[in-house]
Peer 1: 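Below is the structure I would like to discuss, written out as structure tokens.
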Amino acid sequence: MQLDGVLFFPVTPFTPDGEVAEDVLAEHVKHGVAAGPGGVFVACGTGEFHALEPEEFERAVRVAVEATAGRVPVFAGAGGSAPLARKFAAAAKRAGADGLLLLPPYLVGCPAGGVARYVAEVVNSTDLPVIVYQRNNAVFTPEAAVEVAKLPNVIGFKDGLGDMDLMQRIVLSVRESVDKPFQFFNGLPTAEMTQPAYRGIGVELYSSAVFCFAPEISLAFYNAVTAGDTEQVNALLHGFYKPLVELRDKVPGYAVSLVKAAVVRGGLDVGGVRAPLLDPTEEHLVELDRIIEAGRKLIAS
């Protein structure tokens, strides 16, 4: 399975009493798919995987699969302890997902060999294609990356660490050692900000949280960066993505909270975030509105 285009990571909507709002999720996914992403990644980082229990996770994945209706692949998150990650993988399979994004284990210090062991234990429990996510405590050496890339159903490696030297060595090592189609992804928060650098080391795919609330801006950036339109890329980085990142960095967890708030302000009530995250302050929402409006003006000019 080869992915292409902007990758859509929908939020997980909640009702006022805290339940997963399945009808709202369906509408959110349908709207996003209609804009033309290359894939849907449900119940992952932007979708608050950390805050979902397995039963509601399975329902969310099933809703996304039904709403997508086979138009693009649907990947679902999996992670946590190895036994729990295997349960999430099985739930995603039952719900009809096309693949998994394997997030890090719980935040314990662990060597690269231990992370590779964790990946193998989860991957060997499922026949779904798996993209392995490097971030936080799940840090691979090039040798460990090659080890997991050789697992039959591992099809990709996503980087949320941002160590460009390490990632370049991983890309080179996997490409010279793994004889199968294999893709690399930029998984840093607000990945557009670093995508020109990642393209320089051969990583062309990336996740776009902006696609959740402003697919027209996300697609304009994608088209510019893939076409080599440096002027438009720099205009969007300077006038939209840089201010968005600066706002995001004011409060931990805003990488999710701001996205969800922006979807609400766009007219779809997806509710707020679950603990331990916090919803944005009114002051920051006003700033968010200004940033989004500036981005839309940039692509209209």
Side-chain angles (χ1 to χ4, degrees), residues 7-35 37 39-69 71-72 74-81 83-104 106-107 128 189 207 209-215 251-282 284-285 288:
L7 304 179
F8 171 34
F9 283 66
V11 301
T12 300
F14 298 122
T15 65
D17 59 358
E19 299 298 316
V20 174
E22 296 182 28
D23 56 339
V24 181
L25 176 58
E27 185 178 351
H28 180 43
V29 172
K30 287 176 182 177
H31 182 266
V33 171
V40 174
F41 284 69
V42 64
C44 295
T46 306
E48 296 180 80
F49 170 82
H50 67 275
L52 299 174
E53 52 87 16
E55 192 274 334
E56 60 187 3
F57 164 87
E58 184 171 345
R59 287 190 284 114
V61 176
R62 182 170 288 108
V63 168
V65 168
E66 292 173 354
T68 302
R71 286 172 285 180
V72 294
V74 176
F75 279 69
S81 66
L84 189 56
R86 291 195 291 268
K87 289 184 177 181
F88 279 115
K93 174 74 173 182
R94 290 192 299 270
D98 298 297
L100 299 171
L101 176 63
L102 182 56
L103 284 76
Y106 285 123
L107 300 181
L128 287 175
S207 51
V210 169
F211 192 92
C212 286
F213 61 87
V251 178
Y254 264 18
V256 175
S257 303
L258 286 175
V259 173
K260 210 163 193 183
V263 175
V264 172
R265 295 175 91 75
L268 184 63
D269 187 3
V270 295
V273 292
R274 281 182 173 174
L277 302 184
L278 292 175
D279 293 313
T281 65
E282 189 59 38
H284 290 161
L285 289 175
L288 176 63

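Numbers for residues simply follow the sequence, beginning at 1.
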Peer 1: Mind checking whether V29 and V63 have side chains closer than 4.5 Å, heavy atoms only?
Peer 2: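 With C-beta onward as the side chain, the pair stays apart.
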
Peer 1: Return the set of residues passing side chain to side chain contact (heavy atoms under 4.5 Å, CB included) with D279 (not counting sequence neighbours), or none when no residue passes.
Peer 2: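 Expected list: V273.
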
Peer 1: If you take all heavy atoms of L25 and V11, which pair is closest and at what distance?
Peer 2: CD1-O, 3.6 Å

Peer 1: Would F9 and L101 satisfy side-chain contact (heavy atoms from CB on, under 4.5 Å), going step by step from the backbone distance to the final call?
Peer 2: CA-CA 11 Å; F9 283 66; L101 176 63; 4.0 Å; yes

Peer 1: What residues form a side chain to side chain contact (heavy atoms under 4.5 Å, CB included) with L268, not counting sequence neighbours?
Peer 2: V24, E27, H28, V263, V270

Peer 1: Please list every donor-acceptor pair under 3.5 Å in which a side-chain atom of residues 40-61 meets a protein atom from a residue at least two apart or in another chain.
Peer 2:
unit_1, atom_1, unit_2, atom_2, d
E48, OE1, R274, N, 2.9
E48, OE2, K260, NZ, 2.6
E53, OE1, E55, N, 2.9
E53, OE2, E56, N, 3.1
E55, OE1, R59, NE, 3.2
E55, OE1, R59, NH2, 3.3
E55, OE2, R59, NE, 2.9
E56, OE1, R274, NH2, 3.2
E56, OE2, E53, N, 3.1
E56, OE2, R274, NH1, 2.6
E58, OE1, R94, NE, 3.4
E58, OE1, R94, NH2, 2.8
E58, OE2, R62, NH2, 3.3
E58, OE2, R94, NE, 3.2
R59, NH1, E22, OE2, 2.5

Peer 1: What are the two closest non-hydrogen atoms of A26 and A67, and how far apart are they?
Peer 2: O-CB, 3.7 Å

Peer 1: Who pairs with R265 by side-chain hydrogen bond (donor to acceptor under 3.5 Å, both in side chains), at least two apart in sequence or on another chain?
Peer 2: D289

Peer 1: Among residues at least two apart in sequence or on other chains, which ones pass side-chain hydrogen bond (donor to acceptor under 3.5 Å, both in side chains) with T15?
Peer 2: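 Per chain and number, T15 pairs via side-chain hydrogen bond (donor to acceptor under 3.5 Å, both in side chains) with D17.
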
Peer 1: Quick one: CG on L128 to CG on L100, what's the gap to the nearest 0.5 Å?
Peer 2: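 It comes to 5.0 Å.
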
Peer 1: Considering residues at least two apart in sequence or located in another chain, which fulfil the side chain to side chain contact (heavy atoms under 4.5 Å, CB included) criterion with P16?
Peer 2: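 With neighbours one apart ignored, the set is empty.
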
Peer 1: Determine the minimum heavy-atom distance between P37 and F8, stating which atoms define it.
Peer 2: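 Nearest heavy atoms, P37 then F8: CB-CB, 3.7 Å.
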
Peer 1: Where do F88 and G77 come nearest, in terms of heavy atoms and distance?
Peer 2: CB-O, 4.4 Å

Peer 1: Checking S257 side chain against P280 main chain: does a donor-acceptor pair fall under 3.5 Å?
Peer 2: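 Such a contact is absent between S257 side chain and P280 backbone.
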
Peer 1: Between A78 and A85, what is the shortest heavy-atom contact and its length?
Peer 2: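 Closest heavy-atom pair between A78 and A85: CB-O, 4.1 Å.
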
Peer 1: Can you sort out the partners of K93 under side-chain hydrogen bond (donor to acceptor under 3.5 Å, both in side chains), two or more places apart, ordered by chain and number?
Peer 2: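 D127.
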
Peer 1: What pairs with H284 under ring pair (Phe, Tyr, Trp, His ring centres under 6.0 Å), at least two apart in sequence or on another chain?
Peer 2: Y254

Peer 1: If the condition is side-chain hydrogen bond (donor to acceptor under 3.5 Å, both in side chains), which residues does D23 pass it with, not counting sequence neighbours?
Peer 2: none

Peer 1: Considering all heavy atoms of both residues, which atom of A64 and which atom of V74 are nearest to each other, and what is their separation?
Peer 2: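 Closest approach of A64 to V74, heavy atoms only: O-CG2, 4.3 Å.
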
